[in-house]
Amino acid sequence: MKDPLMSRYTPSEIEPRWQAAWTEAETFVATREGDKPKYYVLEMFPYPSGRIHIGHVRNYTMGDVIARYKKATGHNVLHPMGFDAFGMPAENAAMASGGHPKDWTYGNIDTMVGQMKPLGFGLDWSRMFATCDPEYYGQQQALFLDFLDAGLVYRKNAVVNWDPVDMTVLANEQVIDGKGWRSGAEVERRELTQWFFKISDMADELLEAIDGLDDWPAKVKLMQANWIGRSRGLQFAFSTVDAPEGFDRIEVYTTRPDTLMGASFVGISPDHPLARHLERHDPDVAAFCAEARRGGTTEEALEKAEKLGRDTGIRVRHPFDTSWELPVYIANFILMDYGTGAIFGCPAHDQRDLDFARKYDLPVVSTFVPADADAHTRPEDGGGAYVPPKGDIVDYVNGLRAKGQMTGEVAVEQAIALCEENGVGQGVTKFRLRDWGLSRQRYWGCPIPVVHCDSCGVVPEKKENLPVRLPDDVSFDVPGNPLDRHPTWRDTSCPKCGAAARRETDTMDTFVDSSWYFARFTAPHAATPTDPEAAAYWMNVDQYIGGIEHAILHLLYSRFFARAMIATGHLPETAKEPFNALFTQGMVTHAIYQTRRPDGRPVYHYPEAVELRDGEAVLKEDGTRVEVIPSAKMSKSKNNVVDPADIISRYGADTARWFVLSDSPPERDVEWTASGADATHKHLARVYRIASEVSDAPEAGPNGADEALLKAMHKCIFEVTQGIESFGFNAAIAKLYAFTATLQKSDAGREAKRQAARTLAQLMAPMTPHLSEEIWHMLGGEGLLAEQPWPTADEAMLVDDSVTLPIQINGKRRSEITVAKDLAKDAVEALVLEDAAVQKALDGGAPKKLIVVPGRIVNVVV
RNA sequence: GCCGGUGUGGCGGAAUGGUAGACGCAGCGGAUUCAAAAUCCGCCGGGGGCGACCCCGUGGGGGUUCGAGUCCCCCCACCGGCACCA
C-alpha cells in the first residue's frame, strides 16, 4: 500500500530543493553557446523600496514564463535582474531615521533578493547590479563625458521647477498639477544653471521611429507621439506701434495661419521679454504678471477658465492690412515655453480666445463656417468657438487665400505659402518636447563628472579618474545637498591646468540610470559602459515587460539614450530601438473591506478579519456588515496589501505564480482573492496527486482510451504553446485545467497516462516550475525539466476523423449532425435536409438557401 | 475639452464573422464518512412548458450579413492618459 505521506504536496520541501538544483547546474546563467538564436527578456527593474509586492511577482512571473519557454524552445536566454537604486526615498529615509542612504538601499536590496529567490525565477543572478554601485555609475559618468564630447549634453540657464520640500529641481515631466511628483509640494520657479540632454534635437527622429515599433502597444505609441507633439505652423512677426525701444516686432507662432483674418488681439506670456520690460517700469503690470505667474496650472479647477489679460497699450499692425491695428495683451494663459511666447488670438476658432475676447470686449470674426451651415450659431452671434478637426471640410468665408470648401489642413498650407510669398513669415515645425534637464541638487545620485576651474571654466573630469565617487561621510540633518556642504569633497584640481578647482555638486536625474541599464546587462562588469561583442549579440531586448506608468518618460529617455550611445560608439546601429516588443501588464488589486464610524469616516479592515455569512461580508468579531470595494489598488493605508512572503509560506511560490497569471488577461488588472489562491493551491495539489497515482494505473486501458488521452494531450500542447506565444497566459492556464480534468478521468493505460502527466508537467513548468520539476522526476524524466526541450504537438493528432456540425435554421442553432471530417459538401447538404429539425422547419418546402461552412457550421435559410 | 480603452451570468473572465458564457470563484444537490476535513460526481444566464422543446439574452439604438459579443454609424456609462501646448 502507498504511503499517504508520499502523495502529499509540500511546496516548502519541494521548492527550495529545485531552486538549489538549478543554481547548482547554473541552468539560468546566460551563455552564448552554439548557434542557438538568442532571446533577451527583461522586466523593468525594481526600485529597492524595502519589500517586493505581489505586483512585482506578477511582473517577474510573466517574464519568467517567457524566459523558461524560450529556453525550452532552443534559445540562449538572457533574463537578468537588478535594482534602480538611486533616488530620493533613500535620502528621505536617512532624514527620517538618521541612517545612511547607502545602508538603507543595500539593506533593502538584500531583503528583496531574499524575497525573490524563493519565487524560483529563472534569472541570471550573476549579472545583478544596482545603479548605485560605483562600478555602474562610473560607467555612466564615462557615457556622460562621451555625450558631452559629442555635443549631446549642454549647460544653460533655465527657469526650473524647484521643489521646496525635496530642495531639488524637477523636470517638466515630473511636475504633476504644479506639484512635485514625489513630494507633492507646490513647485516654485527658479533660475539655475543646469545640464541638459539634447533630446529635442532628436524629436523628429523619435517621433518618426514610433511607426516601426510594431510590437509595442498602440496606446503607448500614441502617448509618446502626443508627448513629442510635432506641429506645423507659421512663425511671423507683427510690427508694433508705440512700443518701447527694441520691441518693434513681436514674433508669434500659430498652427492656424488660415484664421489670420479673424485675428482680434495679440497675447504675450507674462514671461515674454516685452512683458518683463514693461514690468520693470510699471508696478501695475508687475503686479499683474506676478499674479499671472502664480496661477500656473494648479489653480485650473479653481480659476475655472478665468482668462486674465492686461492691455499694454501697445498696438500691432496686421500683416495683410497695415491700417488694421490689434491690441497687445499680457495674458495668463500663454506659456513662454511653447512657440515664441506670443500668439494672435482668433476668438471665432478658439474657445480660450473667445472667452478672453468676450471678457475684454474684443471683436469676433469667423474665417470659416461649417460646410453644412444649417443650425450653426456663429461665435459672433453668441455661439461657441467653432473648432473642427483639421481634416474636416469647412466653408471659408474670410480665409487667408482659402475660399470655399476645403479642409483646415489644406487651408493652413495655402496660408503658409501665401505668407512666405509675401515675406510675412515662414512655415515651421515645432515640438512640444523640451530638452531633458538632468541636474539634481541631491546626494543620492550619480555625480556629474565635471570640475569648475576659475581659469578654465567647466572642465570634464578625466576618464581615468572615474568613478567620481560619492563620499560616505555625509549627514542629512539639514535639507539641501550634502555634497554642497561637505568639508573636502568638492576640492579637487583642474584636469586641464592642475590648479585648485571645485567639483560639480549636482547629481543626475535617476531616469538617466534606468535609460541604459538594459545595455549594461549584456556585459555587467565590462571596463567600458558596454562590451561591443556582448552588446551586438544580446541587444535588442526581445521582450520588455513593465508598467504602463513608464509609457512616456522612461521609454522615451531610453530610446534617446540608445541613439546617443550609438552616436558615441557604445551600441551597434541596430540597437536604435532597444526594445523590440513591449508589454504593459496590469496591476494586482485586492478588495478593500470597510465599515464606517458614526461620523462617516471609513475604517479599513484586514481581509483576515472578514468572513462571508449567508453571502454577506461581515466582521468575524461581531458580525458587523462590511462594505466591500472590489478591485482596488493595494495600499498600506487601506489594509489591503498582500505580502508575497505570506503567500509563499502558506501556499508556496508555484501557487502565487499560477494565481497571478490565471483569471485575467495579463494586460489587465487581476484581483487577488483568498478563495482564488486556495483554489489554485488545491489544483496544484490535485495535479501532484494525479501524477503520483499514475504509476498505479493498470497496464492497459479499455480500447481507444489511450488514443483519446494522447489526442487531448497534443491538443493541449498546441493550445498552451499558442497561449504563451500570444501572452494569453490566462487562456493557457484554462487549457491546462481542462487537460488535467481529462487526464484525471481518463481510462487510459499506465504508459499513456505517464506520458500525459509528464507532458502536463512540462506545459505547466513556465508557470509552476518547482511542481513540474518534481513530477518530471517522479515519473522518470531525465535531467532537469528546466533544461528539456518544449514538447511539440503532432499535427496528425490534432484532427478528428469526424466532426460535429451545428445546424442553424435562420441563424439560430436548432440541431447538429456528426459527419466524417472530409465528407463532400453536397453529401453534407443531403444529410442536413434529412435532419428532423430541418424537416420540421421546411414543412415540406425547399430551403431558400443552404450554407455549409466545411468543418464549422451549417445554416439553413427557410 | 481632446486622445485612448473598456462594457458578456452573482464574480473574474472565454469565444479566427460560425453552437455565447470555455476555465476558475461563489452557490446548490449528491457520493464517501459515525461525523467532519479532504476528495470525487453532478447542476448552475433569465423566462415559459409535465414534456420533446419554445422565447429572450453580450451597456442602449440603428445598420451590413445566410449568420454579429466580434464589422460599420449614433448614443450612454465607467476607467486611463493629456491639457490654458496657440
Side-chain angles (χ1 to χ4, degrees), chain A residues 177 217-223 225-227 229 231 233-234 252-257 259 267 269 295-297 299-300 303 305-308 331-335 337-346 349-353 355-356 387 389 430-433 548-549 551-552 589 591 612 615 630-631 659 662-665 667-671 673-680 682-683 685-686 689 728 730-741 744-745 804-816 836-837 847-853 855-862:
Chain A
D177 289 340
K219 183 184 186 167
V220 173
K221 291 195 277 187
L222 186 69
M223 284 164 76
N226 289 342
W227 190 264
S231 65
L234 175 76
V252 300
Y253 173 69
T254 178
T255 54
R256 293 308 299 252
T259 65
S269 163
T297 52
E299 312 290 327
E300 180 195 339
E303 300 281 356
E306 177 74 10
K307 310 291 182 276
L308 297 173
N332 66 344
F333 61 95
I334 297 162
L335 300 179
D337 269 354
Y338 195 83
T340 60
I343 61 152
F344 72 80
C346 177
H349 304 294
D350 184 304
Q351 191 59 46
R352 285 183 316 249
D353 294 348
D355 294 347
F356 192 85
V387 194
K430 286 199 185 286
F431 295 90
R432 176 185 181 276
L433 182 69
I548 187 78
E549 67 272 20
I552 299 174
T589 62
L612 274 179
S631 306
F659 182 83
S662 62
D663 284 13
S664 290
E667 67 276 14
R668 278 207 231 165
D669 293 349
V670 65
E671 181 163 2
T673 61
S675 58
D678 266 337
T680 297
K682 279 184 194 172
H683 175 73
R686 174 162 49 234
R689 204 171 47 246
N730 57 325
I733 282 176
K735 303 300 182 190
L736 288 166
Y737 269 113
F739 179 56
T740 304
Q744 185 169 20
K745 289 172 192 171
T804 299
L805 296 178
I807 298 177
Q808 292 184 333
I809 293 168
N810 292 337
K812 287 186 190 294
R813 185 188 170 281
R814 284 291 181 268
S815 183
E816 62 181 35
K848 263 190 203 155
K849 207 165 183 180
L850 185 56
I851 293 131
V852 177
V853 184
R856 303 243 36 140
I857 203 166
V858 178
N859 194 9
V860 185
V861 185
V862 299

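Numbered from 1 within each chain, the chains take letters A, B, ... in sequence-line order. Please read these numbers as outputs of a predicted model, since none were measured by experiment. In what follows, every heavy atom counts, from backbone to side chain, and hydrogens, waters and symmetry copies are set aside.
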**Message:** If you assign Asn226(A) and Thr804(A) each to the RNA chain B nucleotide with the nearest heavy atom, which residue ends up on the more 5' nucleotide?
**Reply:** Asn226(A)
**Asked** OP1 or OP2 of C82(B) sitting under 4.0 Å from any side-chain N/O of Arg432(A)?
**Response** no
**Prompt:** OP1 or OP2 of G18(B) sitting under 4.0 Å from any side-chain N/O of Arg813(A)?
**Reply:** no
**Request:** Report the distance from atom OH of Tyr737(A) to atom P of A22(B), rounded to the nearest whole Å.
**Result:** 15 Å
**Request:** With side chain to side chain contact (heavy atoms under 4.5 Å, CB included) as the test, would you mind laying out the steps for Phe659(A) and Thr673(A) before giving the verdict?
**Result:** CA-CA 9 Å; Phe659(A) 182 83; Thr673(A) 61; 4.0 Å; yes
**Request:** Return no unless some side-chain N or O of Arg814(A) is found under 4.0 Å from OP1 or OP2 of C54(B).
**Result:** yes
**Message:** Using Watson-Crick or G-U wobble geometry with both distances under 3.5 Å, which nucleotide pairs with A14(B)?
**Reply:** none
**Message:** For the P atoms, the ones on G12(B) and on A22(B), what distance do you get once it is rounded to whole angstrom?
**Reply:** 15 Å
**Asked** Rounded to the Å, how far apart are Lys682(A) NZ and C40(B) C1'?
**Response** 13 Å
**Considering all heavy atoms, the nearest Phe344(A)-Asp353(A) contact** = O-OD2, 4.2 Å
**Request:** Using side-chain contact (heavy atoms from CB on, under 4.5 Å) as the criterion, point out the one residue from Ile857(A), Val861(A), Val860(A) that pairs with Gln808(A).
**Result:** Ile857(A)
**Atom-to-atom span, CG of Asn730(A) to P of A22(B) - whole angstrom** = 15 Å
**Item:** Distance between C1' atoms of C23(B) and C78(B) (Å, rounded)
**Value:** 26 Å
**Item:** Validation row: Val670(A), Asn730(A) side chains within 4.5 angstrom (heavy atoms)
**Value:** no
**Prompt:** Does a side-chain N or O from Lys745(A) land closer than 4.0 Å to OP1 or OP2 of G42(B), or not?
**Reply:** yes
**Request:** Using atom CD of Glu816(A) as one end and atom P of A20(B) as the other, report the distance to the nearest whole Å.
**Result:** 12 Å
**Request:** Using a cut-off of strictly less than 4.0 Å, decide whether Gln808(A) has a side-chain nitrogen or oxygen near OP1 or OP2 of G18(B).
**Result:** no
**Request:** Tell which nucleotide pairs with G4(B), taking only Watson-Crick or G-U wobble pairs whose two distances are both under 3.5 angstrom.
**Result:** C79(B)
**Request:** Report the distance from atom NZ of Lys221(A) to atom P of C82(B), rounded to the nearest whole Å.
**Result:** 20 Å
**Request:** Could you please name the option among C66(B), G4(B), A14(B) that lies closest to any side-chain atom of Lys219(A)?
**Result:** G4(B)
**Request:** Using whole Å, report how far CG of Asp663(A) lies from C1' of A26(B).
**Result:** 12 Å
**Asked** Would one find a side-chain N or O of Arg686(A) under 4.0 angstrom from OP1 or OP2 of G24(B)?
**Response** no
**Message:** Under 4.0 Å from OP1 or OP2 of C40(B): is there any side-chain N or O of Arg689(A) that close?
**Reply:** yes
**Request:** Scan every strand shown for a Watson-Crick or G-U wobble partner of C71(B), both distances under 3.5 Å, and answer none if you come up empty.
**Result:** G63(B)
**Request:** Using both distances under 3.5 Å as the test, list the Watson-Crick or G-U wobble partner of C40(B), or none.
**Result:** G30(B)
**Fill in**
Base orientation of G10(B), chi within 90° of 0 counted as syn, else anti, reads anti
**Spacing of the C1' atoms in C71(B) and G27(B) (rounded, Å)** = 38 Å
**Request:** Classify the nucleic acid contact of Leu222(A) as base, sugar-phosphate or nothing, counting any heavy atom under 4.0 Å across all strands shown.
**Result:** sugar-phosphate
